[in-house]
Amino acid sequence: MEGQTARAKEIPPPIQMLQIISGFWVARCVYVVAKLAIADLIKDESKTADELATATGTHGPSLFRVLRALAAVGVITQDSRNRFGGTPLSQTLCSGPGSIRAFAMTELGEEHYPAWGELLYSVRTGGIAFDKAFGEPVWEFFAKNAENAQIFNEAMSGMTTLANEAMHAAYEFAGINTIIDVGGGHGGLITGILKKNPSMRGILFDAPQVIEGAKTSIQSSGVAERCELVSGDFFKSVPEGGDAIVMKWIIHDWNDEQSVAIMKNCHRALPENGKLILIEAVVPETSEPHFSKFIDLNMLVITGGRERTEAEFRQLYEAAGFRLTRIVPSESPFSVIEGVKV
Ligand code: SAH
């Protein structure tokens, strides 16, 4: 940290600011590489821009400029014969488990990016930038745009796979008989939990079109016979029959009133002493750097939700009839927040 501060001090402030301002240029170049699946193409052997343009149906000279810029910031390599090659950084965009290619596509592509263009609208009005840009809430947009929704769901699964290990190292799900993953997307979390706990059963619950899309990945997960799929609307009800409910990256999508409504539905579905486990980033009260402070902005512009401090989570639990019992930090930016039905 000290080293970083010292280095930052050597860079004149206008240059530092230019680096910040042009950050979105770099991010958009990453989007192009992610969308065109270029990381896979250069994983094993370097290729020229023309070769990559032929493989991706794009304009070689323009692709060259994007690749040259990405090589200049270390995302890929460029050799003396202008062949571009992979790096550990670009490999994060290769396909396969734990890939963040879909995350790059969903965050930097067709929906989140135009919504961020309306950040100032959110700041001026408190309204949801996505709704301003698209004329409807994000979940309705995804219900109508299957391709975008598929990429979003893949992005969530990819991030979940990345966070799973840290989560399991931090928190013991053992002792639960049946766990219900409310808003569980394509099941990246619940299949991980069931694999680690061979006698546990699970229910994956999400909107109908998402559950439909989850079928293939659940069937090939190795735990399909212990994982029931149920679809519905968590504002109406959530499935009963579990002694614990887990919700990962759900509550941060909603304002306090909506969050309490979802949590009250969980309360109704759980037995006495049932656990409500949230997996969320907890925003530190102090000014320290923390990823949560930026996911929070993503929630401001996309869903109208927010990231919360420990005190804010405690209030939500109490308002829904739970007692927050503990917050277990993990090696990722996410914590496991546990509450019990009282
Ligand atoms: N828990 C998953 C997905 C988080 S994204 C993960 O961490 O990977 C939020 C999820 O909430 C999406 O899968 C979305 O389809 C679901 N969702 C949004 N509104 C819903 C509703 N009214 N009822 C049920 N699920 C809903």
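From a predicted model like this one, the values you see are computed outputs, not experimental measurements. Whatever order the structure lists them in is the order used to number ligands and atoms, beginning at 1.
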For ligand 1, the portion of W249 having any non-hydrogen atom under 4.0 Å away | both
The answer for which part of L189 has a heavy atom under 4.0 Å from ligand 1 is neither
Give me the residue, atom name and distance of the protein heavy atom closest to [atom].
| atom | result |
| --- | --- |
| atom 6 (C) of ligand 1 | K248 NZ, 3.6 Å |
| atom 22 (N) of ligand 1 | D233 OD1, 2.9 Å |
| atom 11 (O) of ligand 1 | I250 CD1, 3.5 Å |
| atom 20 (C) of ligand 1 | F234 CZ, 3.2 Å |

Enumerated ligand 1 atoms positioned under 4.0 Å from heavy atoms of [X]:
| X | result |
| --- | --- |
| D253 | 9 (C) |
| A207 | 24 (C), 25 (N) |
| V210 | 15 (O) |
| G232 | 23 (N), 24 (C) |

Atom of A104, atom of L93 and distance for their closest heavy-atom approach | CB-CD2, 4.1 Å
Answer yes when R314 and E318 have at least one side-chain N-carboxylate O distance shorter than 4.0 Å, and no when they do not.
-> no
Which of these, G158, G185, G183, has its nearest heavy atom closest to atom 1 (N) of ligand 1?
-> G183
Closest to atom 5 (S) of ligand 1 by heavy-atom distance, out of W254, F334, F152, F235, is F152
Looking only at N/O atoms, are T160 and ligand 1 under 3.5 Å apart anywhere?
-> yes
Purely on distance, is any nitrogen or oxygen of D206 under 3.5 Å from one on ligand 1?
-> yes
Side chain to side chain contact (heavy atoms under 4.5 Å, CB included) between N145 and E111, intermediate numbers included | CA-CA 11 Å; N145 293 276; E111 341 75 46; over 6 Å; no
When hydrophobic residues are tied together by side-chain contacts of less than 4.5 Å, even through go-betweens, does I193 share a cluster with L162?
-> yes
Verify the cluster assignment for W249 and W254: are they in a single hydrophobic cluster under the rule of side-chain heavy atoms below 4.5 Å apart?
-> yes
Take atom CZ in R323; do more than 12 heavy atoms of anything else shown fall under 6.0 Å from it?
-> no
Among V75, I76, L67, find the one that has a side chain to side chain contact (heavy atoms under 4.5 Å, CB included) with V33.
-> L67
Only one of K248, M263, E338 passes side chain to side chain contact (heavy atoms under 4.5 Å, CB included) with L278, and that residue is M263
E107 side chain to N298 side chain, donor-acceptor N/O pair below 3.5 angstrom | yes
